[in-house]
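A, B, ... follow the sequence lines: proteins, then strands. Residue 1 opens every chain. Predicted model, so just to flag it, every value in this text is computed and none were measured.
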There are 2 protein chains.
Amino acid sequence: MPRRPVSRLTADDWAGAALDAMARGGLAAVAVERIAAQLGATKGSFYWHFANRDALIAAALKRWETDHTEAVIRMVDAEPDPLQRLRLLLVTVIEATEHDLLEVVVLSTADHPLVAPVLARVTERRISYTAKLFGDLGFPPAEARERGLLAFTAYLGHAQLARATPQLVQSSSTARRRYVDRVIALITAR
Amino acid sequence: MPRRPVSRLTADDWAGAALDAMARGGLAAVAVERIAAQLGATKGSFYWHFANRDALIAAALKRWETDHTEAVIRMVDAEPDPLQRLRLLLVTVIEATEHDLLEVVVLSTADHPLVAPVLARVTERRISYTAKLFGDLGFPPAEARERGLLAFTAYLGHAQLARATPQLVQSSSTARRRYVDRVIALITAR
DNA sequence: CGTAGACCATACGGCAGCGTACGGAGGCGG
DNA sequence: CCGCCTCCGTACGCTGCCGTATGGTCTACG
């Protein structure tokens, strides 16, 4: 079993550093030389592990795709009560948008050719899971899908609003809870 | 009264061209030399009218701020019936996001230092107007504000969804109308 | 111990974009 | 007709970034 020396870097190290840079400065911050410097290496190392910059972006996005969405779904799905599941999901993801810049950065680059397909998959996965939650609440499939989509747009809108006017989005946990309660009340009304 | 010869350009010409470029390729497309070429001029002209690139971006954003938001508000405000006013607003802005890329481009650059303050002002203006519409419907001020904010996040979320997964957002006018109806029904429920 | 291969640093070429220097054209008043 | 002021084209330097070429170093392994 080969032990990896600290001085050597793996492709995953680069992908992780790329995600960090992306969270801080957007897709434009994923620059080979800058990340190399911040990693204490040079481009020579990078171009050994990756063909080009696009390959790095793709790797970072793949990691984001597998790590974030599925982890949240697994965590939420452990909650037994259907209504509490929905509430837990909304609270979790809305809270996440306030410290996890990555979410909103990916959103802001939706039209990038490398981002678009990943984002489309993640979005579809999230909406269908949310729709499933409404199905668990007893709504028929079509209706569940529609309400799930509404819940998702409420989430997206809140995330965007937090960026556009942070001062309007009170970040206290009670305020967040009130917002979620309001959304849930409206969106589960029969 | 000095007549302006066609060969000469004004600062407003540059701002307009910058908005066009921005609508097509985002903030990164607002490049001095590229816009100059597309305008049939060179940088020499540009740096006579503007100090630097940031000044051009600022001018373009100012024009967007004054032109778009107020125009929509004036148009919507001509509708006499309060409920129809709300419906007209939602239909108009949601439809607008499908052919007016500018909206969503500005959103996607929310964290840019030049964009942030403009976007904050525009957002606050829009939310407060939407809140006023709910006030017209008879809701008390605090409640109107809260519902206005919800309506606005529904709009933002839909705009983001249209970018993330265009295939999920049916662009037919009837589908759009159904979505708006659903949102209004939920959001005006007492 | 020695060699092959994995890994990386250095150096280079190229491109795109910003900003500056400067000269020239063209209208307009004197 | 002449000079001035406005406006613009040309040429240049600089920086940041991508990608390549090439040689060096370290490690596993025979």
Presence of [X] side-chain N/O under 4.0 Å of [N] phosphate oxygens OP1/OP2:
X       : N      : answer
A:Arg34 : D:dC17 : yes
B:His49 : D:dC8  : yes
A:Arg53 : D:dC18 : yes

Can you measure [X] atom [atom1] to [N] atom [atom2] for me and round it to whole angstrom units?
X       : N      : atom1 : atom2 : value
A:Arg8  : D:dT25 : CZ    : P     : 13 Å
A:Trp14 : D:dC18 : CH2   : P     : 11 Å
B:Ile57 : C:dG17 : CD1   : P     : 13 Å
B:Glu33 : D:dT10 : CD    : P     : 13 Å
B:Asp13 : D:dC7  : CG    : P     : 12 Å
B:Leu27 : C:dC18 : CG    : P     : 11 Å
B:Leu39 : D:dG9  : CG    : C1'   : 14 Å
B:Phe46 : D:dT6  : CZ    : P     : 19 Å

Does the distance from a Lys or Arg side-chain N to an Asp or Glu carboxylate O, for [X] and [Y], drop under 4.0 Å?
X       : Y        : value
A:Glu65 : A:Arg126 : no
A:Glu33 : A:Arg53  : no
A:Arg63 : A:Glu70  : no
B:Asp20 : B:Arg24  : no

Which nucleotide in the set [options] lies at the smallest distance from any side-chain heavy atom of [X]?
X       : options               : result
A:Ser45 : C:dC18, D:dT10, C:dA9 : C:dA9
A:Tyr47 : C:dT10, D:dC18, D:dG9 : D:dC18
B:Trp48 : C:dC8, D:dC8, C:dC18  : D:dC8

For this session: Report, as yes or no, whether the 6.0 Å neighbourhood of atom CZ on B:Arg177 holds more than 12 heavy atoms from other residues, nucleotides or ligands.
Result: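 No, CZ of B:Arg177 has 12 or fewer neighbouring heavy atoms, counting only those of other groups under 6.0 Å.
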
